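By convention here, the first residue in the shown sequence is residue 1. Everything numeric in this text was worked out from a predicted model, so none of it was measured.
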Amino acid sequence: MCPFAYQTSVWIRAVRDQTGLTVNWRFFSLEEVNRVEGKKHPWERDWSYGWSLMRIGAQLRRRDPALLDQWYLAIGRELHVSGGKPHDPAVARALLAQIGADDAVFDAALADPSTHDDVRADHQRVLDAGGYGVPTLFFGDQCLFGPVLVDPPTGAAALRLWDVVTGMAQLPHVYELQRPKTAADAELIGRSLRPYLDGRDWVSINRGEVVDVEKLVGGSTEG
């Protein structure tokens, strides 16, 4: 559901296509980490935008990790490319059909309380490692936040970024490397977020100073 996590997923798929890398998709809830005190936890709601989609993903992962891979790609494209609403239950059902999954997966995932447990376990793994948001990558026990990007590199450029990321993972006491954003960068980021802003039905909260969406494109957001 996060546009930056989606962009990173596009890049890591390009790396996988060229290297045979195995990607194990896992779950993290921005709804939970940004929850306002007094509001319900996402697992206490009958339907919660990101959390419920992850529960469906958990059900798919039990059947075949390849289905979760397809599910993540389908809902990501729907929101971040098409500006659609995969968090609408009717759209979610249609996307399940699009990847060839049985419609019964939707109801089974929401009827089974243990899918909450699957999502919570993945979420807690990030918190226990000191993580706080997405995109987060794990290399064994090594946890990295990022890379945060737009216009994901492909081909040889994707592999160059992979070398940078894996190189940083090998240096456990290098904590941060950041590129300041120019006005041109801000304009590019704003354009890339337009489908997401059209499709979302929530307030975006940014705690990591990745980008101020409201200033860039006039969206409703809290910094």
Side-chain angles (χ1 to χ4, degrees), residues 1-10 12-13 16-17 21-36 39-129 131-138 143 195-196 198-205:
M1 306 300 280
C2 168
F4 298 107
Y6 173 71
Q7 299 284 357
T8 302
S9 78
V10 173
I12 202 82
R13 289 175 185 276
R16 182 179 64 182
D17 289 345
L21 174 73
T22 297
V23 178
N24 297 313
W25 303 109
R26 299 195 181 267
F27 309 118
F28 187 81
S29 176
L30 295 177
E31 291 173 285
E32 175 59 15
V33 295
N34 293 325
R35 184 181 66 89
V36 176
K39 297 285 188 179
K40 289 183 177 180
H41 293 278
W43 57 83
E44 295 175 323
R45 304 171 188 227
D46 291 336
W47 178 263
S48 189
Y49 292 146
W51 190 271
S52 294
L53 293 178
M54 290 189 289
R55 292 181 68 196
I56 295 168
Q59 186 77 13
L60 291 169
R61 184 170 65 182
R62 293 176 185 178
R63 299 184 180 201
D64 184 349
L67 286 173
L68 172 57
D69 182 84
Q70 295 172 51
W71 174 240
Y72 188 18
L73 182 60
I75 61 179
R77 282 177 171 168
E78 180 68 19
L79 177 59
H80 301 294
V81 178
S82 301
K85 299 181 184 292
H87 50 282
D88 179 301
V91 177
R93 286 185 183 276
L95 292 174
L96 276 173
Q98 185 183 108
I99 67 171
D102 191 331
D103 184 69
V105 169
F106 183 100
D107 298 310
L110 299 184
D112 183 351
S114 70
T115 57
H116 284 304
D117 300 332
D118 287 2
V119 176
R120 249 191 309 253
D122 281 2
H123 179 85
Q124 190 62 43
R125 181 188 183 212
V126 177
L127 298 180
D128 289 346
Y132 53 87
V134 292
T136 292
L137 302 180
F138 274 89
C143 174
Y196 161 75
D198 290 341
R200 69 175 184 172
D201 289 312
W202 53 83
V203 173
S204 296
I205 298 175

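Between the R77 side chain and the S82 main chain, no donor and acceptor come within less than 3.5 Å of each other. Between the side chain of E44 and the main chain of H41, a donor-acceptor pair closer than 3.5 Å is present. Within the 3.5 Å criterion, the main-chain N or O of L30 finds a donor-acceptor partner in the side chain of N34. The main-chain N or O of F4 is found under 3.5 Å from a side-chain atom of T8 such that the two form a donor-acceptor pair. Under the 3.5 Å distance criterion, the side-chain polar atoms of R63 are left unmatched by any main-chain donor or acceptor of L67.
You'll find the side chain of F106 reaches within 4.5 Å of the side chain of I56, heavy atoms only. For the pair V126/Y132, no side-chain contact is recorded, criterion being any heavy-atom separation below 4.5 Å from C-beta on. Side-chain contact check for C2 versus Q7: every heavy-atom pair is 4.5 Å or farther apart. In this structure the side chain of I75 never reaches within 4.5 angstrom of the side chain of V91, judged on heavy atoms. Using a 4.5 Å cut-off on side-chain heavy atoms (C-beta onward), C143 and L137 make no contact. Side-chain contact between L79 and P195 is absent, with no heavy atoms from C-beta onward closer than 4.5 Å. Counting heavy atoms from C-beta outward, W71 and R61 have side chains that stay 4.5 Å or more apart. The side-chain heavy atoms of D69 and R13, taken from C-beta on, include a pair separated by under 4.5 Å.
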### Task
In sequence, state the C-alpha distance, the side-chain angles, and the governing distance for R45 and K39, and then conclude on side-chain contact (heavy atoms from CB on, under 4.5 Å).
CA-CA 10 Å; R45 304 171 188 227; K39 297 285 188 179; 4.2 Å; yes
### Query
Would D46 and K40 satisfy salt bridge (charged side-chain N to carboxylate O under 4.0 Å, His left out), going step by step from the backbone distance to the final call?
CA-CA 11 Å; D46 291 336; K40 289 183 177 180; over 6 Å; no
### Query
Could you walk me through whether S9 and W25 pass the side-chain contact (heavy atoms from CB on, under 4.5 Å) check?
CA-CA 9 Å; S9 78; W25 303 109; 3.9 Å; yes
### Task
Give the C-alpha distance, both sets of side-chain angles, the deciding distance and a yes or no for ring pair (Phe, Tyr, Trp, His ring centres under 6.0 Å) between H87 and W47.
CA-CA 9 Å; H87 50 282; W47 178 263; 8.8 Å; no
### Task
Starting from the C-alpha separation in whole Å, work towards a yes-or-no answer on side-chain contact (heavy atoms from CB on, under 4.5 Å) for Q124 and V119.
CA-CA 9 Å; Q124 190 62 43; V119 176; over 6 Å; no
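Interatomic distance, L60 CG to I99 CD1, rounded to the nearest 0.5 Å: 5.0 Å. Note that CG of L96 and CD of Q70 are 11.0 Å apart. Values are rounded to the nearest 0.5 Å. Note that CZ of F27 is 16.0 Å distant from CD of E32, once rounded to the nearest 0.5 Å. One distance of note links OH of Y196 with OH of Y6; it measures 14.5 Å at 0.5 Å rounding.
Aromatic ring orientation, F28 versus H123: parallel (interplanar angle below 30°, classes split at 30° and 60°).
Comment: R26 does not engage D118 in a salt bridge, judged by the lack of any side-chain N to carboxylate O separation of less than 4.0 angstrom. In this structure, R125 does not pair ionically with D128, as no charged nitrogen and carboxylate oxygen lie closer than 4.0 Å.
Applying the salt bridge (Lys or Arg N to Asp or Glu O under 4.0 Å) rule to pairs touching residues 78-92 yields K85-D201, sequence neighbours excluded. Counting only residues at least two apart or on different chains, the side-chain hydrogen bond (donor to acceptor under 3.5 Å, both in side chains) pairs with a member in residues 48-59 are E31-S48, W51-H116, R55-T115, R55-H116.
For the pair A92 and L53, the tightest heavy-atom approach, listed with the atom from each and the gap, is CB-CD2, 4.0 Å. Closest heavy-atom contact between P86 and G84: CD-O, 3.4 Å.
Residues that satisfy the salt bridge (Lys or Arg N to Asp or Glu O under 4.0 Å) test with R93, not counting sequence neighbours, are D103, D107.
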